[in-house]
Amino acid sequence: MKGARVAYFLGLLVALVGFWLGMSGHYTPLLLTLGAVSVAVCLILAYRLDIIDREGAPYVRIIGFALYFPWLMKEIAKANWTVVKACLKAEMDISPALVKVKTACVTDLAKVTFANSITLTPGTVTVEIEGDKMLVHALYEQEAQPEAFDEMDRRSREAADGKRRPA
Amino acid sequence: MAMSEPDIGMALVNIVLLGLLFVVGIAIARLRSLFAIVMLSGIYSLVSAVWYVAVDAVDVGFTEAAVGAGMSTAVLLGAMLLTSRTAKPEKSLRQLGPLLVCIATGIMLIYATVDLPAVGDPNSPANTGVGLTYLRVAWFDTGIENVVTPVLGSYRGFDTLGETTVVFVAGIAVALLLGFGERSLAETIRNEDKSLPKATTKPDPENEETDA
Amino acid sequence: MTAAALIAVLFGMLLLLIRAIAGPTLYDRVLAVNSFGTKTVLALGLLGFVMGRPQFLDIAILYALINFVSTIAILKFFRYRSFQVPLVRRGQGGGNV
Amino acid sequence: MSDFLASLPAWWEVIRFPLGAALCLAGGLLCLVGTVGVLRFPDFYTRLHAASITDTSGATLLLLGMAMMAPDWMVVSKLVAIFVFIYLTSPASSHAAANAAHTAGLQPLIGPVSTHDKEGQGS
């Protein structure tokens with residue numbers, strides 16, 4: 001447990017330092033000192049707020065997310081095409097529906113990843129999450145059967161939790 | 001200066017932005033639903049901040065973004081909580097006075113722009129007085145690249161301290177008035193509403209808005 | 001051509017304005033303002049490129065953050081009628097919120 | 001082959017501005033399309049779908065085009081930061097809006113939508 005917290009702390013530290021270096025662009029000693037001070041203040045505040053945990057600093061899982069993201073981009077591109085066509089059609093032919101989707105994700109991080117992936121894909125929006133059921137509003141009823149989300153569910157679970165967890 | 005060279009793209013951008021501001025202003029004046037007005041004032045801040053950036057006033061754009069779009073929307077919503085949801089229509093005769101004030105102010109502002117120096121004029125007060133000195137010495141004095149920062153933080157440090165204090169006090173005062181805390185005024189009023197049946201029944205925003 | 005893209009985004013903002021003014025529900029207005037904010041972020045970025053000074057992207061980052069915070073603040077406000085933790089349970093107090 | 005690789009940076013310098021500007025234009029047009037959807041669709045939940053076009057593909061194409069035209073890496077890193085912010089926050093705010101509307105009892109339109117609404121532009 002202690003080791004995990006150190007890992008989250010280091011992940012947050014690396015992320016903040018990287019963010020500062022990427023935003024600043026001026027690397028004189030004075031400004032670097034100021035940047036170090038601001039990073040330290042952020043870390044102290046995060047420690048005091050007690051948010052240095054799995055959800056506050058999910059940088060340990062960054063490889064999983066990096067592998068998941070290209071697949072998500074592909075899905076987003078496909079869904080975008082559908083919605084763009086729906087927007088531009090002279091005769092509107094949408095058939096919105098509310099669908100209940102059951103997810104196999106256990107941890108909150110995996111659930112959030114799955115729900116956000118659904119929302120990011122145009123044409124589907126997560127309306128409500130309760131336990132392992134999600135209420136999804138979809139633009140096309142026929143394309144939003146609960147089975148359509150199975151692959152996304154599996155992949156987001158793997159991205160957030162890794163493959164070793166069975167359920 | 002991007003505006004000094006005749007650039008048709010930037011001119012179009014300026015026209016569209018000012019047109020947007022105009023439409024939002026008219027809509028704010030005409031609408032009755034206070035929630036819509038709060039939302040539109042947020043949009044007004046967003047557009048005007050883009051326009052500030054387009055006319056090279058990036059620091060003003062920053063302030064407008066933080067205060068106008070972020071903070072004032074929240075404060076206005078908190079203020080809306082304490083009053084009703086729709087504005088009463090004003091008698092047209094009583095609208096005459098504010099209209100005259102607006103027109104007079106506009107005329108005075110336009111009259112004042114005649115005296116303004118051209119953009120990038122080397123003989124303008126901004127480019128001949130203390131500003132030029134700041135531009136020369138700021139880097140050697142402080143080592144900060146953005147000139148605005150040492151001017152505000154170092155050369156006019158006490159001035160900025162005073163301003164910050166005023167803004168802080170104003171923020172605290174607003175928070176006390178609107179009640180973001182535990183014993184919020186809004187909560188007190190709501191409890192009073194519940195204990196006094198039919199005292200002031202606020203119209204429900206959802207139903208009211210959906211019917212419209 | 002970048003200027004054309006900028007003007008396309010600005011016209012998108014103009015059309016969204018119609019939705020923000022017309023409503024009809026308050027959530028439509030919130031949606032319009034939120035989408036307006038995203039378009040503002042993109043327009044600010046493009047503006048930097050049109051003016052030849054892309055260093056001003058910081059303000060676009062600031063906007064991306066403020067837009068999110070203000071959207072969440074507005075929706076939280078309308079769900080709980082306050083800016084703090086839930087004071088009113090669902091189906092009680094001020095109407096059906 | 002090595003010839004081609006050696007001349008690649010030069011080619012890149014030539015084509016990156018037109019290509020980036022074209023991507024920006026495509027992104028801007030997608031934003032416009034999303035807005036048209038926001039105007040045309042019949043109820044709040046369907047408008048949410050149209051708005052997410054702007055947040056995803058419009059923003060991606062615009063930021064990608066800008067990154068191609070960027071003069072240095074600092075600008076690219078800022079664009080990446082904006083991209084990450086948009087992709088992290090836009091689903092959260094969409095979900096918050098949908099959830100607030102659903103909690104407040106706003107009923108979505110269900111089933112096929114007839115084309116001859118007042119917003120419908122079909123002749």
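Just so we're on the same page: letters track the sequence lines, and every chain starts at 1.
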**Student:** Please classify the contact between C:Leu10 and chain B as side chain, backbone, both or neither, with a heavy-atom cut-off of under 4.5 Å.
**Tutor:**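 Contact with chain B: backbone and side chain both.
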**Student:** Decide yes or no on side-chain contact (heavy atoms from CB on, under 4.5 Å) for B:Asp56 and C:Met51, but give the supporting numbers first.
**Tutor:** CA-CA 9 Å; B:Asp56 276 347; C:Met51 291 167 67; 3.0 Å; yes
**Student:** Return the OH to CG distance between B:Tyr44 and C:Leu17, rounded to the nearest 0.5 Å.
**Tutor:**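 Reported to 0.5 Å precision, the distance equals 12.0 Å.
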**Student:** Do B:Met71 and C:Val69 have side chains that approach each other closer than 4.5 Å (heavy atoms only, starting at C-beta)?
**Tutor:**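 Sidechains of C:Val69 and B:Met71: no contact.
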**Student:** For B:Ser72, is it the side chain, the backbone, both or neither that has a heavy atom under 4.5 Å from a heavy atom of chain C?
**Tutor:**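 It is neither, since no heavy atom gets under 4.5 Å.
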**Student:** For B:Ala65 and C:Leu62, which heavy atoms make the closest approach, and how far apart are they?
**Tutor:**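 Residues B:Ala65 and C:Leu62, closest heavy atoms: CB-CD2, 3.9 Å.
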**Student:** Check each atom of C:Ile59 against the heavy atoms of chain B and say whether the ones under 4.5 Å are side chain, backbone, both or neither.
**Tutor:**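 Both backbone and side chain.
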**Student:** Which atoms of C:Asp28 are under 4.5 Å from chain B, going by heavy atoms: the side chain, the backbone, both sets, or neither?
**Tutor:**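 Contact with chain B involves no heavy atom of C:Asp28 at all.
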**Student:** Nearest 0.5 Å, please: how far is OG in B:Ser33 from CD1 in C:Ile21?
**Tutor:**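 Rounded to the nearest 0.5 Å, the CD1-OG separation comes out at 12.0 Å.
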**Student:** Got a second to check how far C:Tyr63's OH is from B:Glu64's CD, nearest 0.5 Å?
**Tutor:**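 These two atoms lie 6.5 Å from each other.
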**Student:** Less than 4.5 Å to any heavy atom of chain C: does that hold for the side chain of B:Val16, its backbone, both, or neither?
**Tutor:**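 For B:Val16, the side chain is the part near chain C, not the backbone.
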**Student:** Could you check which of B:Ile37, B:Ile43, B:Leu40, B:Val50 has the highest count of heavy-atom pairs closer than 4.5 Å to chain C?
**Tutor:**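 Of the candidates given, the most pairs with chain C belong to B:Ile43.
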**Student:** Got a sec: does the CZ of C:Phe11 have more than 12 other heavy atoms crowding it under 6.0 Å?
**Tutor:**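 No, because the 6.0 Å sphere around CZ of C:Phe11 holds 12 heavy atoms or fewer from other groups.
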**Student:** Would you say C:Phe68 has more than 12 foreign heavy atoms packed within less than 6.0 Å of its CZ?
**Tutor:**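 Yes, because the 6.0 Å sphere around CZ of C:Phe68 holds more than 12 heavy atoms from other groups.
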**Student:** Measuring heavy-atom distances to chain C, does B:Leu46 have an atom under 4.5 Å in its side chain, in its backbone, in both, or in neither?
**Tutor:**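 Contact with chain C: backbone and side chain both.
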**Student:** What's the spacing between C:Leu14 CG and B:Leu20 CG if we round to 0.5 Å?
**Tutor:**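 Nearest 0.5 Å value for the CG-CG distance: 5.0 Å.
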**Student:** Top residue by heavy-atom pair count (under 4.5 Å) with chain B, among C:Leu47, C:Leu16, C:Asp58?
**Tutor:**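 So the answer, after comparing C:Leu47, C:Leu16, C:Asp58, is C:Leu47.
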